[in-house]
Amino acid sequence: MSTTTTSIDGYKLGKVIIEGKTKQVYNLPEHPGLCLLLSKDRITAGDGVKAHDLAGKAQISNTTNGQVFRLLNEAGVRTAYVKQCGEKAFIARRCEMIPIEWVTRRLATGSFLKRNVGVPEGYRFSPPKQETFFKDDANHDPQWSDEQIISAKFELNGLTIGQDEVDIMRRTTLLVFEILERAWQTKNCALIDMKVEFGVDDDGNIVLADIIDSDSWRLWPAGDKRLMVDKQVYRNLTSVTSTDLDTVKRNFIWVSEQLADIVPRKDHLVVILMGSASDTSHSEKIATSCRSLGLNVELRVSSAHKAPEETLRIVREYESVMTNLIFVAVAGRSNGLGPVLSGSTNYPVINCPPVKSDNMQVDAWSSLNLPSGLGCATVLYPEAAALHAATILGLSNFMIWSKLRVKQLNNFVTLKKADKELRGVRNV
């Protein structure tokens, strides 16, 4: 970047907060709480021992990073990323960075084999193997244990990194890996391993931060190491020619183009079919929970008792245009709607009767006591109906699956924070 540059895409640049081998981080004086990360046309390996200029890398890296965080933000992962800013930069929430690199591995390869003699290359970790490294170029980023991280007592934006924080980062790291692993599977590409970093924002929250690009992972198209398209190609070079750098650049462009094509599918529908308009309030609660999980929803009214032909016509209408389809039956008293749907379609049917405290047993029983040969499930709460629908659709949709996993992580983090606040002996 020219030393005379004072703004990027309308953002006035302040002082350089920190500068690394491949990026600069700028303060944004007119936007408190935000910063700008500017990538360089530079590629390095071996703690900077190997380094080359690579024209166009900054733009490719910035685009790749934006595509990755677009997916993660859509899934609901808490990140520092805000938006792209020009071709080579992006805006992020300002954080104090935790000096730990989190590595997640699906297959054993690279440095893991050197540190774990006897493990064959390609050994599959289930669940993925997680490792932590202290960021210290002078000592080649030594591997650290949880105990070392906790004993360091890093304090960032008022938050001391202890066991709770390590647990949250460990679970988040695994979540990020599994989301991106499933995303890459849609392109028949195996995510072998990757590294991420975390920061603490101004509110004391741990967020996924820094950059995730082709420097951050190993990618093997079709699971074939010979086809690798990541920075390992550059690391493996004993001498580097302009032709070699062109190959590396083409690989990085390929990765960015593939990411641009990873668009979560919207080819599904949850039809909430209620037996009466009086069930609208209950059905709207189901719809709201469905939408929070990224599900497409439509509400309809028809009674299996009062208008059986119309009910089946509605079913056939959706069957004729949708392949990823789920029906949620909302009917109280004598619930014939769910069983009729289940006996008339091969798509999943979920009963969610609008039960009340004075007739819960009777209403629920009419949904549970099914004739033989029918297989509709029954849940009592609107959120449960949405979650059940999402688990079915998530089998073939990585974004819906990801939103479910993020919800589980958020539940864990909420419990961790509540326990941390209340634990300890108290004298009355």
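Predicted model only: the values in this text are computed from it and were never measured.
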To the nearest 0.5 angstrom, please state how far the [atom1] atom of [X] sits from the [atom2] atom of [Y].
X	Y	atom1	atom2	result
L393	I400	CG	CD1	5.0 Å
T323	Y318	OG1	OH	15.0 Å
R105	L107	CZ	CG	10.5 Å
I286	Y381	CD1	OH	13.5 Å

Is there a side-chain contact between [X] and [Y] in this structure, where contact means two heavy atoms from C-beta onward sitting under 4.5 Å apart?
X	Y	answer
L36	L38	yes
N351	L368	no
P353	T378	yes
P354	V330	yes
V255	N251	no
L208	I212	yes
M169	V196	no
I100	W102	yes

Any side-chain donor near an acceptor of the partner, [X] and [Y], under 3.5 Å:
X	Y	result
N410	R78	no
Y81	R93	no
T64	D213	no
E30	Y11	no
R250	T247	yes
N73	T79	yes
R70	Q67	no
T132	E101	no
N205	K417	yes
D279	S276	no
D136	N139	yes

Where [X] and [Y] come nearest, the two heavy atoms and their spacing:
X	Y	result
A386	S289	CB-CB, 3.5 Å
C290	V270	SG-CG1, 4.3 Å
T104	F177	CG2-CG, 3.6 Å
E131	F112	OE2-CD1, 3.3 Å
S39	I211	OG-CD1, 4.0 Å
M399	L71	CE-O, 3.5 Å

Any donor-acceptor N/O pair, [X] side chain to [Y] backbone, under 3.5 Å:
X	Y	result
S151	E147	yes
E298	R300	no
T391	H388	yes
E96	N157	yes
D41	D53	no
K249	I60	no
D201	C95	no
Q148	S145	yes
H282	C352	yes
E165	G162	yes

Check [Y] with [X], please: is the shortest side-chain N to carboxylate O separation under 4.0 Å?
X	Y	result
K83	D9	no
R170	D146	yes
E383	K285	no
K21	D137	yes
D193	R106	no
R423	D164	yes

### Task
Show your working on salt bridge (Lys or Arg N to Asp or Glu O under 4.0 Å) between K135 and E197 and close with a plain yes or no.
CA-CA 10 Å; K135 289 179 66 64; E197 296 180 35; 3.2 Å; yes
### Message
With side-chain hydrogen bond (donor to acceptor under 3.5 Å, both in side chains) as the criterion, how do E121 and T109 come out once you've worked through the C-alpha distance, each side chain's angles and the decisive distance to 0.1 Å?
### Response
CA-CA 5 Å; E121 184 167 32; T109 191; 2.6 Å; yes
### Task
Take atom CG of N346 as the centre, draw a 6.0 Å sphere, and report whether it contains more than 12 heavy atoms from other residues, nucleotides or ligands.
no
### Message
Using the rule given for salt bridge (Lys or Arg N to Asp or Glu O under 4.0 Å), can you reason through D167 versus K420, listing the C-alpha separation, both sets of side-chain angles and the distance that settles it, and then say yes or no?
### Response
CA-CA 12 Å; D167 291 343; K420 181 179 179 180; over 6 Å; no
### Message
One pair to check against side-chain contact (heavy atoms from CB on, under 4.5 Å): D224 and W220. What are the steps and the verdict?
### Response
CA-CA 5 Å; D224 190 337; W220 296 354; 5.6 Å; no
### Task
Apply the test salt bridge (Lys or Arg N to Asp or Glu O under 4.0 Å) to residues D261 and K187: give CA-CA distance (whole Å), side-chain angles for both, the deciding distance (0.1 Å), then the verdict.
CA-CA 9 Å; D261 197 40; K187 307 301 294 182; 2.6 Å; yes
#### Entry: Verdict with reasoning, N27 to C35, per side-chain contact (heavy atoms from CB on, under 4.5 Å)
CA-CA 5 Å; N27 182 38; C35 62; 5.8 Å; no
Over-ring placement of [X] relative to [Y], 6.0 Å and 45° cut-offs:
X	Y	result
R182	W401	yes
R171	F412	yes
K50	Y234	yes

### Task
Look at the rings of F134 and F154 and say which category their plane angle falls in: under 30° parallel, 30 to 60° tilted, over 60° perpendicular.
parallel
### Query
Could you walk me through whether K23 and D210 pass the salt bridge (Lys or Arg N to Asp or Glu O under 4.0 Å) check?
CA-CA 10 Å; K23 66 178 179 292; D210 201 52; 3.1 Å; yes
